[in-house]
Amino acid sequence: MTKQIIDIHSHFLTPEYLTMLDQHQALLEDGFPLPQYNHQDHLKLMKDCSIEWTLLSISSPHPYFKESEEESLKMCRHLNEKMAQLKKDDPKHFGFQACLPLPNVDAAIQEAIYTLDILKAEGINFPSNSRGLYLGDPKLEPLMEELNKRHALCNIHPHRPEPINEDVFTAGPVPLFEFIADTTRAILNLIGNDVILRYPNITWIIPHCGSFLPNIYERFIGMSKILIPQKMMKEVDVEASFKKLYFDIAGNPAPQLLKWLLTITTPDHIMYGSDFPFTPAKQIETNLETLVKMLDEEDLKSYKEMILFKNAQQLFFKSDSK
């Protein structure tokens, strides 16, 4: 096992958050029970896996319900302050990215300013869509301007598509397919609306080995060259947009997925993620052992330290010798 690992994809939950979801009949919104979060269990996992530092964020469901907007605003603040307190108590092991009360853009801007400037969040964690408002939507332009001013690091996490026909996919719960599709949809929307290049100070980190982006990369580039001249797509440099993206390999990074991801990005743009506690500790240990063995292969060996900690170190600890 390597001496140090930085995990940029772990999640945080509180009893209050779970209670809110229960009250809105959203505990099973994604089709499976949500886990509990325990700080001590997380520290044990980190010790067992040689993980030095973890970036916490909220997963899905997004804590926003239009019929109870004030409650949703308070819940985002509650989650952000709880994560900030954990970071304050144990900065050696934890950082966090804030959740925002989208689709209320004005409230989201205020929360972004507060969490970045006052709580010292390491950035923002966006759902792929916020109750139907997708990344890349023009309504989010004022928020993008604020985040660009602050050189924000932004992770994206999949969310249940909205609206969604309940019968459109019946082979399993939402995360099996729709999560990956929705992440891909959000990124294509960001790129197609030229958000990536128009706001160059925002860093975007894509989860789960790039979702379906390796599959659609060449098609998107090829179609853009047809659609842009016909004024059916905005003028945008798709290839330059892709080059700015970072990726995590949370989930189940089988060897072919990592190598597939390397067809659309470079090894200095890939980082480790555990997906704790949604992925159980034992499975994380097994996945990590598989990943380390994979990175010990001759054609990947030179990327091992980059992926396990150096790339994240460059992004999150630029002025730190950590």
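The figures here come from the full heavy-atom set of this structure, side chains too, leaving out hydrogens, waters and symmetry mates. Residue numbers run from 1 in the order of the sequence given.
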Which heavy-atom pair separates [X] from [Y] by the least distance, and what is that distance?
{"X": "Leu102", "Y": "Tyr64", "value": "O-CG, 3.3 Å"}
{"X": "Ala107", "Y": "Leu73", "value": "CB-CD2, 3.8 Å"}
{"X": "His93", "Y": "Glu52", "value": "CD2-O, 3.4 Å"}
{"X": "Leu79", "Y": "Phe12", "value": "O-CE2, 4.2 Å"}
{"X": "Ser241", "Y": "Val236", "value": "OG-CG2, 4.0 Å"}
{"X": "Leu100", "Y": "Ala108", "value": "CD2-O, 3.7 Å"}

Any salt bridge linking [X] with [Y]? Criterion: basic side-chain nitrogen under 4.0 Å from a carboxylate oxygen.
{"X": "Asp296", "Y": "Lys304", "answer": "yes"}
{"X": "Arg198", "Y": "Glu141", "answer": "yes"}
{"X": "Arg185", "Y": "Asp182", "answer": "yes"}

Report yes if some heavy atom in the side chain of Cys154 is under 4.5 Å from a heavy atom in the side chain of Leu147; otherwise report no.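 Touching, per the 4.5 Å side-chain cut-off.
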May I have the step-by-step check of side chain to side chain contact (heavy atoms under 4.5 Å, CB included) for Ile264 and Phe247, ending in yes or no? CA-CA 10 Å; Ile264 68 166; Phe247 300 86; 4.0 Å; yes
Under the ring-ring contact (aromatic ring centres under 6.0 Å, His included) test, residues paired with [X] that sit two or more places apart:
{"X": "Tyr303", "result": "none"}
{"X": "His159", "result": "none"}
{"X": "Tyr246", "result": "His269"}
{"X": "Phe276", "result": "His42"}

How far does [atom1] of [X] sit from [atom2] of [Y], to the nearest 0.5 angstrom?
{"X": "Leu261", "Y": "Ile270", "atom1": "CG", "atom2": "CD1", "value": "4.0 Å"}
{"X": "Ile228", "Y": "Gln230", "atom1": "CD1", "atom2": "CD", "value": "11.0 Å"}
{"X": "Ile187", "Y": "Leu135", "atom1": "CD1", "atom2": "CG", "value": "7.0 Å"}
{"X": "Ile5", "Y": "Leu291", "atom1": "CD1", "atom2": "CG", "value": "8.0 Å"}
{"X": "Ile191", "Y": "Ser224", "atom1": "CD1", "atom2": "OG", "value": "10.0 Å"}
{"X": "Ile206", "Y": "Thr183", "atom1": "CD1", "atom2": "OG1", "value": "8.0 Å"}

Do Ser10 and Asp7 have a side chain donor and acceptor closer than 3.5 Å?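 Indeed, the side chains of Ser10 and Asp7 share at least one donor-acceptor pair under 3.5 Å.
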For residues His24 and Glu29, is any side-chain donor paired with an opposing acceptor at under 3.5 Å?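 No pair is found: no donor N or O on one side chain lies under 3.5 Å from an acceptor on the other.
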Check: [X] side chain, [Y] main-chain N or O, donor-acceptor pair, under 3.5 Å:
{"X": "Asp248", "Y": "His208", "result": "yes"}
{"X": "Thr263", "Y": "Lys259", "result": "no"}
{"X": "Lys244", "Y": "Pro200", "result": "yes"}
{"X": "Asn193", "Y": "Asn189", "result": "yes"}
{"X": "Asn125", "Y": "Ile156", "result": "no"}
{"X": "Ser72", "Y": "Phe65", "result": "yes"}

With sequence neighbours left out, write down each residue that passes salt bridge (Lys or Arg N to Asp or Glu O under 4.0 Å) with Lys139, or none if nothing qualifies.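 Per chain and number, Lys139 pairs via salt bridge (Lys or Arg N to Asp or Glu O under 4.0 Å) with Asp137.
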Contacts of Lys149 that satisfy salt bridge (Lys or Arg N to Asp or Glu O under 4.0 Å) - sequence neighbours left out: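 In terms of salt bridge (Lys or Arg N to Asp or Glu O under 4.0 Å), with neighbours along the sequence ignored, Lys149 is linked to Glu146.
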Non-neighbouring partners of [X] that pass side-chain contact (heavy atoms from CB on, under 4.5 Å), sequence neighbours left out:
{"X": "Glu145", "result": "Tyr199"}
{"X": "Leu18", "result": "Leu13, Leu27, Leu34, Gln36"}
{"X": "Asp89", "result": "Gln85"}
{"X": "Lys282", "result": "Glu285"}

Only distances under 3.5 Å count here; give the side-chain donor-acceptor pairs of residues 110-124 to other protein atoms, sequence neighbours excluded, each with its distance to 0.1 Å.
from: Glu111; atom 1: OE1; to: Arg77; atom 2: NE; distance (Å): 3.0
from: Glu111; atom 1: OE1; to: Arg77; atom 2: NH2; distance (Å): 2.8
from: Glu111; atom 1: OE2; to: Arg77; atom 2: NE; distance (Å): 3.1
from: Glu111; atom 1: OE2; to: Asn80; atom 2: ND2; distance (Å): 2.9
from: Tyr114; atom 1: OH; to: Glu81; atom 2: OE2; distance (Å): 2.8
from: Thr115; atom 1: OG1; to: Glu111; atom 2: O; distance (Å): 2.8
from: Thr115; atom 1: OG1; to: Ala112; atom 2: O; distance (Å): 3.2
from: Asp117; atom 1: OD1; to: Arg150; atom 2: NE; distance (Å): 3.1
from: Asp117; atom 1: OD2; to: Arg150; atom 2: NE; distance (Å): 3.4
from: Asp117; atom 1: OD2; to: Arg150; atom 2: NH2; distance (Å): 3.0
from: Lys120; atom 1: NZ; to: Asp117; atom 2: O; distance (Å): 2.9
from: Glu122; atom 1: OE1; to: Phe96; atom 2: N; distance (Å): 2.8
from: Glu122; atom 1: OE2; to: Lys87; atom 2: NZ; distance (Å): 2.8

Please test Ile284 against Asp275 for side chain to side chain contact (heavy atoms under 4.5 Å, CB included), starting from the C-alpha separation and ending with a verdict. CA-CA 8 Å; Ile284 290 170; Asp275 212 4; 5.9 Å; no
[Y] ring center within less than 6.0 Å of [X] ring center:
{"X": "Phe317", "Y": "Trp53", "answer": "yes"}
{"X": "Phe94", "Y": "His39", "answer": "yes"}
{"X": "His157", "Y": "His62", "answer": "no"}

Give the table of side-chain donor-acceptor pairs shorter than 3.5 Å for residues 209-217, with sequence neighbours excluded, one pair per line with atom names and distance.
none

After noting the C-alpha distance and the side-chain angles of Met46 and Thr54, does the key distance pass the side chain to side chain contact (heavy atoms under 4.5 Å, CB included) rule? CA-CA 8 Å; Met46 293 171 68; Thr54 292; 3.3 Å; yes
Quick check on Glu67: does its CD atom have over 12 non-hydrogen neighbours (other residues, nucleotides or ligands) under 6.0 Å away?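 Buried by this count: over 12 neighbours within 6.0 Å.
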Atom CD of Gln314: over 12 foreign heavy atoms under 6.0 Å: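 No.
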